[in-house]
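See below for the structure under consideration.
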Amino acid sequence: MALERAHGWCSPRSSVPASAPASPSTAAPGAARTALPASGPQPGTRLTEDRNVPSPHCWCGRGACNETLLSGPGLAADHLRHGGALLDARAIVDAARHGDTAAQATLDRYIERLARALAQVINLLDPDVIVLGGGLSNVTELMRDVPARWVAHVFSDVVTTPLRAAVHGDSSGVRGAAWLWRAHP
Ligand SMILES: [Zn+2]
């Protein structure tokens, strides 16, 4: 984390100077008081925190992609990488709810990573709502804890974006596909 902040990536908004001076080489006339310095926070993110734990490789050829960390199998693999037992995501969440400290740590990492990833969506798109689908949308703790965490990563003083679970749960993707089929037979 220290390295990321030194390079100006993923810094919490509290580190942005209130009156950051603009770089003379990039500032437009009259914009000097509002432009961020070239070394200031940028809209990027790294989802893994511990550089001593190898980043998971993704099918796309890169490492530590969202899919490798924020999916159910990604959560289970992260639990294993950090010394946890071979469990699926549902079992890890159940264990966390029953006081298993390793499972709680895994769920905490997941929440922080999801918060950082969705903060970038808010920074770029400012959506009216973010709806989670898939199996992990059944984890009710996410709707409460992720918005509490993304505040630190959104470049705004006020974040009102709600996080909701899909109405049709983890079947929402299949239902959507079925409706598209009816609309375009
Ligand atoms: Zn990838």
Side-chain angles (χ1 to χ4, degrees), residues 1-15 41-125 127 130-155 159 161-166 169-174:
M1 227 20 212
L3 182 62
E4 295 163 16
R5 289 183 179 177
H7 286 278
W9 289 86
C10 307
S11 302
R13 61 187 169 83
S14 58
S15 69
Q42 305 293 319
T45 190
R46 176 185 168 88
L47 294 184
T48 51
E49 308 83 7
D50 188 347
R51 292 174 186 275
N52 295 316
V53 176
S55 295
H57 292 289
C58 181
W59 60 268
C60 73
R62 301 177 189 173
C65 290
N66 287 357
E67 179 66 16
T68 64
L69 294 163
L70 300 182
S71 61
L75 185 146
D78 183 67
H79 190 60
L80 264 183
R81 278 194 303 276
H82 285 79
L86 177 60
L87 300 171
D88 64 16
R90 185 189 301 266
I92 293 169
V93 172
D94 283 344
R97 288 169 175 167
H98 287 88
D100 183 301
T101 55
Q104 287 173 342
T106 297
L107 188 58
D108 187 72
R109 286 191 301 276
Y110 181 91
I111 289 169
E112 175 64 21
R113 290 165 178 167
L114 183 58
R116 277 188 272 161
L118 293 181
Q120 305 314 313
V121 175
I122 296 170
N123 286 334
L124 293 170
L125 301 176
I130 294 178
V131 180
L132 291 185
L136 285 169
S137 65
N138 295 318
V139 181
T140 54
E141 289 91 335
L142 300 184
M143 311 311 151
R144 178 195 65 202
D145 296 342
V146 171
R149 296 281 188 92
W150 72 31
V151 169
H153 306 290
V154 172
F155 295 123
V159 189
T161 311
L163 181 65
R164 300 280 186 263
D170 52 12
S171 299
S172 296
V174 174

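- Looking at every heavy atom in both residues, A119 comes nearest to H153 through CB-CB, 3.5 Å.
- Residues forming a side-chain contact (heavy atoms from CB on, under 4.5 Å) with V131 (at least two apart in sequence, or on another chain): V129, A166.
- Residues that satisfy the side-chain contact (heavy atoms from CB on, under 4.5 Å) test with A85, not counting sequence neighbours, are L87.
- Between L132 atom CG and L118 atom CG the span is 6.5 Å, to the nearest 0.5 Å.
- Taking both residues in full, the closest heavy atoms of A96 and Q104 are given as O-NE2, 3.1 Å, listed atom of the first, atom of the second, then distance.
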Using atom types as modelled, flag every donor-acceptor pair under 3.5 Å from a side chain in residues 68-77 to any protein atom, sequence neighbours excluded.
unit_1: T68; atom_1: OG1; unit_2: C65; atom_2: N; d: 3.3
unit_1: T68; atom_1: OG1; unit_2: C65; atom_2: O; d: 2.7
unit_1: S71; atom_1: OG; unit_2: E67; atom_2: O; d: 2.8
unit_1: S71; atom_1: OG; unit_2: G74; atom_2: N; d: 3.0

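- L125 pairs by the side-chain contact (heavy atoms from CB on, under 4.5 Å) definition with V121, P127, not counting sequence neighbours.
- In this structure, NE2 in H79 is found 10.5 Å from CG in D88, a value given to the nearest 0.5 Å.
- Scored by the side-chain contact (heavy atoms from CB on, under 4.5 Å) test, A105 finds R109 as partners (sequence neighbours excluded).
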Review item, side-chain donor-acceptor pairs of residues 133-142, under 3.5 Å, at least two apart:
unit_1: S137; atom_1: OG; unit_2: G134; atom_2: O; d: 2.5
unit_1: N138; atom_1: ND2; unit_2: G135; atom_2: O; d: 3.1
unit_1: N138; atom_1: ND2; unit_2: D170; atom_2: OD2; d: 3.2
unit_1: E141; atom_1: OE1; unit_2: R97; atom_2: NH2; d: 2.8
unit_1: E141; atom_1: OE2; unit_2: R97; atom_2: NE; d: 2.7

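- Here the straight-line distance linking atom CH2 of W150 with atom CG of L163 works out to 4.5 Å at 0.5 Å rounding.
- R81 and P56 make their closest contact through NH1-CB, 3.5 Å (heavy atoms, listed as atom of the first residue, atom of the second, distance).
- Contacts of D108 classified as side-chain hydrogen bond (donor to acceptor under 3.5 Å, both in side chains), with partners at least two apart in sequence or in another chain: R149.
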